[in-house]
Structures are given as C-alpha cells and as structure tokens.
Student: 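First the structure, then my questions, so here it is.
What you see is a predicted model; the values in this text were computed from it and never measured.
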Amino acid sequence: MFAPADKAQADETAQSLTIEEGKKLYTVGCASCHGTGGQGTSDGPSLVGVGAAAVDFQVGTGRMPAATSQAAQLPDKKVIYTQAQIDQLAAYVASLGAGPAIPTEEQYGPEGADIAKGGELFRNNCAQCHNFTGKGGALTHGKYAPSLEDVDPKHIYEAMLTGPQNMPSFPDSTMSEQNKKDIIAYLGEVNTDKSESPGGMELGGLGPVSEGLFGWIFGLGGLIAVAVWVAARTAKAKKS
C-alpha cells in the first residue's frame, strides 16, 4: 500500500546523492572557472540554466574541462570522466536551474526516422557550416564547424538542443524531436562506407573555398603551362 511512496522517497534520496557527488566533482574540476555556485567568472560562463544536456555534451566529448580559456574554439579531446561521473556533474548543474535534459535513445535513435526529410533539414539549417555531408568547415577568427563523422548520435542531439560555442540552438519549439531524429539518421546514412558522393571526386568535401583554390592553382597553372608551351613552339617555328 505504501510502496509507491517508499519508492519515490528512495528515488529522491538516490538523486540527492547523485547531486552531492556531482557537486564534489564540480568543486574540484569546474569551480575555478565557472564559480563555486555555477554563477560564472571572467574565465567561464554561468552554468545556471544550461541543463544536464549541455554538461553531457561538453564533458562527454572532452571539450570540458578546457585545456585553455584563450582558444578561439574548444576542440573535442580525450574524455577524462567516466559516464557515471558525467551523469553526476550533469545532475548537479541541472539542480542549479532548469534546462534541457539529457535525451533518451528513443529521441535520437534511428527508429521511425525519415532520412530524406533529415537531409532536407540538414541542408537548410546545418550545411552552410558543417558541409552537406557533415565533414565540417572553417568559420571566422580561427573558429570552425567540427566534423560530424563518428560523433555519438546523443551528442549530435545535445548540440542541436543546447547550441554549443558558435552553433545556434534548436530547441523543440524551433525544431521538433522528430526533425532532430531525422537529421541524425541522415548523418548516419551519409557517413557510412556505402554512401557515395553524388558529385564524384569530392576533394575532401571541404567546401567552395578550398576546392575553388584547388581549381585556381591547378587549372590556372595548367593554362599557363600550355600558354608557355605554345609560345615556345611558335618561337621555335619562326626561327626555323
């Protein structure tokens, strides 16, 4: 008769312990930049209201803790926390203020996704920075849109949800859960070995700047070489 109440109390106790452990980890690894209560400092932004999803993305991809606060952009690197510790950190930060929760596999998994729709959404909203196959691209002032190859679908969903660094956020009010699922399914398709570039040789798929430069150097270089050869042949013919 009292089992539901007992279970609720047990769950609440477990959550409190998780938050407490997360606070300990935060104090050691994060407070020096983000403040003792997550309020932020001159070295790091406030974490109040960023939610558990932002923590899971930043720490789960190794971007946090940052090696330096002076970099134009934080790269992904080796993760130093276990997933259990990341969950504890996320629970503590989430307790500081309401924010996006860590998505479930049902939200980012391929089941029920529309790959064609995902491709359309990706090209309209993401390809300008990440390239139409998700290989990434350069931005301004040393910043860049990272490659989306081999990125955990959960982290892609979290990035859309929270808008890390230079990326705009796409909350459910802007882009539905289904649309996010569709985009992730599209990326999973184009990043498989069986996916072929519809344009043939892609030169790395790095975009119009690098590929245009390639065309100028080799195309113009080839034309100059032909012009020199023709001029030499003409001069030789006149002498003879």
Side-chain angles (χ1 to χ4, degrees), residues 22 25-26 29-35 38-81 83 85-94 96-104 107-108 118 121-122 124-131 134-177 179-181 183-184 186-188 191:
L25 291 168
Y26 176 89
C30 316
S32 60
C33 291
H34 294 286
Q39 74 277 13
T41 70
S42 58
D43 293 322
S46 170
L47 298 182
V48 178
V50 301
V55 177
D56 191 71
F57 172 81
Q58 297 286 0
V59 182
T61 60
R63 289 175 167 84
M64 286 289 166
T68 173
S69 61
Q70 305 303 317
Q73 183 163 327
L74 300 176
D76 59 328
K77 58 184 187 300
K78 184 178 179 180
V79 181
I80 66 171
Y81 290 101
Q83 186 59 53
Q85 290 173 321
I86 294 171
D87 291 341
Q88 291 167 347
L89 276 169
Y92 171 67
V93 171
L96 302 177
I102 297 173
T104 64
Q107 290 175 284
Y108 58 78
L121 289 165
F122 185 86
N124 290 336
N125 296 280
C126 318
Q128 297 91 330
C129 295
H130 288 284
N131 183 284
K135 294 184 183 298
L139 300 176
T140 58
H141 305 295
K143 300 175 182 178
Y144 59 91
S147 170
L148 301 178
E149 293 181 304
D150 300 321
V151 178
D152 190 318
K154 178 181 69 166
H155 292 149
I156 297 177
Y157 193 105
E158 289 169 339
M160 288 190 281
L161 197 61
T162 62
Q165 302 189 89
N166 308 296
M167 182 175 168
S169 62
F170 295 91
D172 292 342
S173 57
T174 301
M175 180 180 287
S176 69
E177 286 188 9
N179 286 165
K180 294 187 186 73
K181 177 191 281 280
I183 288 174
I184 292 170
Y186 165 74
L187 288 171
N191 287 331

Student: Looking at every non-hydrogen atom in both residues, tell me the closest pair between Val79 and Gly60 and how far apart they are.
Tutor: CG2-O, 3.2 Å
Student: What pairs with Asn179 under side-chain hydrogen bond (donor to acceptor under 3.5 Å, both in side chains), at least two apart in sequence or on another chain?
Tutor: Ser176
Student: Do the non-hydrogen side-chain atoms of Asp152 and Thr61 ever get within less than 4.5 Å of each other?
Tutor: no
Student: Any idea which heavy atoms bring Pro75 and Gln73 closest together, and the distance?
Tutor: CD-O, 3.4 Å
Student: If you apply the rule side chain to side chain contact (heavy atoms under 4.5 Å, CB included), what do you find for Asp87 with Ile102, and how did you get there?
Tutor: CA-CA 9 Å; Asp87 291 341; Ile102 297 173; 4.3 Å; yes
Student: Can you see which heavy atom on Leu139 is nearest to which on Cys129, and at what distance?
Tutor: CD2-SG, 3.9 Å
Student: Could you check whether any side-chain heavy atom of His34 comes within less than 4.5 Å of a side-chain heavy atom of Gln39, counting everything from C-beta outward?
Tutor: no
Student: Here's one to test your reading of the geometry: is the NZ or CZ of Lys154 within 45 degrees of the ring axis of Tyr108 and under 6.0 Å from its centre?
Tutor: no
Student: Within a radius of less than 6.0 Å around NZ of Lys77, do more than 12 heavy atoms belonging to other residues, nucleotides or ligands occur?
Tutor: yes
Student: Going by the rule side-chain hydrogen bond (donor to acceptor under 3.5 Å, both in side chains), which residues pair with Thr162 if we only count those two or more places apart in sequence or in a different chain?
Tutor: none
Student: Kindly indicate whether the side chain of Met160, heavy atoms from C-beta on, has any atom under 4.5 Å from the side chain of Ile184.
Tutor: yes
Student: Pair Ile183, Met175 - check side chain to side chain contact (heavy atoms under 4.5 Å, CB included), show working.
Tutor: CA-CA 11 Å; Ile183 288 174; Met175 180 180 287; 3.7 Å; yes
Student: Does a side-chain heavy-atom distance below 4.5 Å link Gln83 with Asp56?
Tutor: yes
Student: Specify the closest pair of heavy atoms between Gly136 and Asn131, including all atoms of both residues, with the distance to one decimal.
Tutor: O-CB, 3.7 Å
Student: Do Ser147 side-chain atoms and Glu149 backbone N/O form a donor-acceptor pair below 3.5 Å?
Tutor: yes
Student: Would you call Met167 and Cys126 a side-chain contact if the rule is heavy atoms closer than 4.5 Å?
Tutor: no
Student: Can you confirm whether Lys181 sits close enough to Tyr157 that some side-chain heavy atom of one is under 4.5 Å from a side-chain heavy atom of the other?
Tutor: no
Student: Counting distance only, does the side-chain N/O of Lys180 pair as donor-acceptor with the main-chain N or O of Phe170 below 3.5 Å?
Tutor: yes
Student: Can you give me the closest heavy-atom contact between Gly22 and Tyr92, atom names plus distance?
Tutor: C-CB, 3.8 Å
Student: Any sub-3.5 Å donor-acceptor pair from Tyr26's side-chain atoms to Gly38's backbone N or O?
Tutor: yes
Student: Using side chain to side chain contact (heavy atoms under 4.5 Å, CB included), reason through Gln58 and Val50 one step at a time and then give a plain yes or no.
Tutor: CA-CA 11 Å; Gln58 297 286 0; Val50 301; over 6 Å; no
Student: Can you see which heavy atom on Phe122 is nearest to which on Leu187, and at what distance?
Tutor: CE1-CD2, 3.6 Å
Student: Any side-chain heavy-atom pair from Cys30 and Leu89 closer than 4.5 angstrom?
Tutor: yes
Student: Under the criterion side chain to side chain contact (heavy atoms under 4.5 Å, CB included), I'd like the reasoning laid out for Leu25 against Tyr81: C-alpha separation, chi angles, the key distance, then a yes or no.
Tutor: CA-CA 10 Å; Leu25 291 168; Tyr81 290 101; 4.3 Å; yes
